[in-house]
Protein chains: 2
Amino acid sequence: MKKPASTNSSDKILAAATRIAQAHGYGGLNLRVLAEEVGIKAASLYHHFPSKADLAAAVAKRYWEDSAAVLDGLAGETQDPVACLRKYPQTFRISLENNNRMCLSSFMAAEYDDLPEHVQREVARFADVNVAWLERILLAAGIAPPAETPARARAIYAAVVGAQLMARGRADIALFDTLIATYQASGLLPA
Amino acid sequence: MKKPASTNSSDKILAAATRIAQAHGYGGLNLRVLAEEVGIKAASLYHHFPSKADLAAAVAKRYWEDSAAVLDGLAGETQDPVACLRKYPQTFRISLENNNRMCLSSFMAAEYDDLPEHVQREVARFADVNVAWLERILLAAGIAPPAETPARARAIYAAVVGAQLMARGRADIALFDTLIATYQASGLLPA
DNA sequence: ACCTGAACACCGTTCAAGT
DNA sequence: ACCTGAACACCGTTCAAGT
């Protein structure tokens, strides 16, 4: 039985850090601002995480774990794999709905050069989780020949990520929806 | 008759700042590092640009101007519009070839929340230029019904941008090539 | 016209000191 | 066990002072 995430300080720090990083990235994650949001001083953060790098790694790890849970939930409640694929882009739409935020891993993929190595690893895991899920659903849907499924899964992930990035750059959720609809019309995603 | 770009200091600053921003973004553009690369002190940068924000706006402006020139050159030398569309992703591949760098406008689209307003405007122009070019070529190629051309142009741009971001996050150019090939196989881009 | 050193308030981080 | 103020070297920026 896990306690609710907001019970202890480390969880509050992770939650607040995630929100900040989705809007400002790793470089833009200001520890004094984060600390204030949690109600402590910046120096106190170091009692919970040994460094900003380790905090970011923990944030990125929890981020892909949560994503995996959401995707499994989606697959569980939506048995039809084609319907699953239609709903998949929604998981990226939610970030945009949340104050024009974006996927943490996309932001950090851009910041690749400035990320500590173990943060890079956790960031890559998010893409891995998404691609693996897409492969599984694509196979179940029988959309592409099995040999082409891995490539197709990666293409869908990249395209959805790109749609989110372009829509964020315009602060325009409707653009995201149009892009996804066009992916569907063009055959990249099932209509 | 314009002098070569490297002749005066402002141009050297713009060129160096562009390279840095393509790797580290707006937030990661360190003025002391930039100044050293140009061979002056950070304080001297303010004689050429009134602020980091104005420097970044100038960088982003030149960036989309250069992109427009490259795309016009491509359309000029490659008369067949379908062949043009096949070569288009190459313009994004070049950044990855250059030390795993990425499109300046993609990076800054991620940093949207932290950009001064006039930088946001110049960043958006890059996407505008690319989308307008794609619309023109798509129409010439007769690939999609004219009514669907604007949406298709945006979808291609977003997908290519996403492919670059995903490949950068893995420092893997081969992944970029696979993604583009899959876009072509799925019908988003002409094969 | 262009450059500079020194200073400002702000970053991540450390540490001695508190409860 | 957890928090803090003060300090460190580093950021963007300013400015008086140099050529």
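Side chains are part of it too, since the values below use all heavy atoms of this structure and drop only hydrogens, waters and symmetry mates. Numbers restart at 1 for each chain; the letters A, B, ... are given by sequence-line order, proteins then strands. All values derive from a computational prediction rather than experimental measurement.
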Length of the CG-C1' vector between A/Leu31 and C/dG12, whole Å: 6 Å
Length of the CG-C1' vector between B/Asn30 and C/dC11, whole Å: 12 Å
Between P of D/dC10 and CZ of A/Arg32, the distance in whole Å: 15 Å
Rounded distance (Å) that lies between atom P of C/dT4 and atom NZ of B/Lys41: 6 Å
Short N-O contact, A/Arg136 and A/Asp72, less than 4.0 angstrom: yes
B/Gly28 or A/Ser44, whichever maps to the more 5' nucleotide of DNA chain D: A/Ser44
Rounded distance (Å) that lies between atom P of C/dT4 and atom NE2 of B/His47: 12 Å
side-chain N/O A/His48 vs D/dA1 OP1/OP2, d < 4.0 Å: no
Atom pair distance, as rounded to whole Å: CZ in B/Phe49 and C1' in D/dG12: 16 Å
Sugar-phosphate only, base, or nothing, as touched by A/Leu45 at under 4.0 Å among non-hydrogen atoms: nothing
Exam field: side chain A/Arg62 to backbone A/Leu14, donor-acceptor pair closer than 3.5 Å: no
Between D/dG12 (C1') and B/Leu55 (CG): distance, integer Å: 12 Å
Sidechain N-carboxylate O distance under 4.0 Å for A/Lys41, A/Glu36: no
Pair B/Asp128 + A/Arg170: basic N to acidic O under 4.0 Å: yes
Minimal non-hydrogen separation, B/Ala155 against B/Leu188, with atom names: CB-CD1, 4.1 Å
Identified pairing partner of C/dC15, criterion: Watson-Crick or G-U wobble below 3.5 Å: D/dG5
Proximity to the side chain of B/Ile40 - top-ranked nucleotide from D/dG5, D/dT13, C/dT4: C/dT4
For atom CG of B/Asp54 and atom C1' of D/dT14, their distance in whole Å: 15 Å
For D/dC10, the Watson-Crick or wobble partner whose two distances fall under 3.5 Å: none
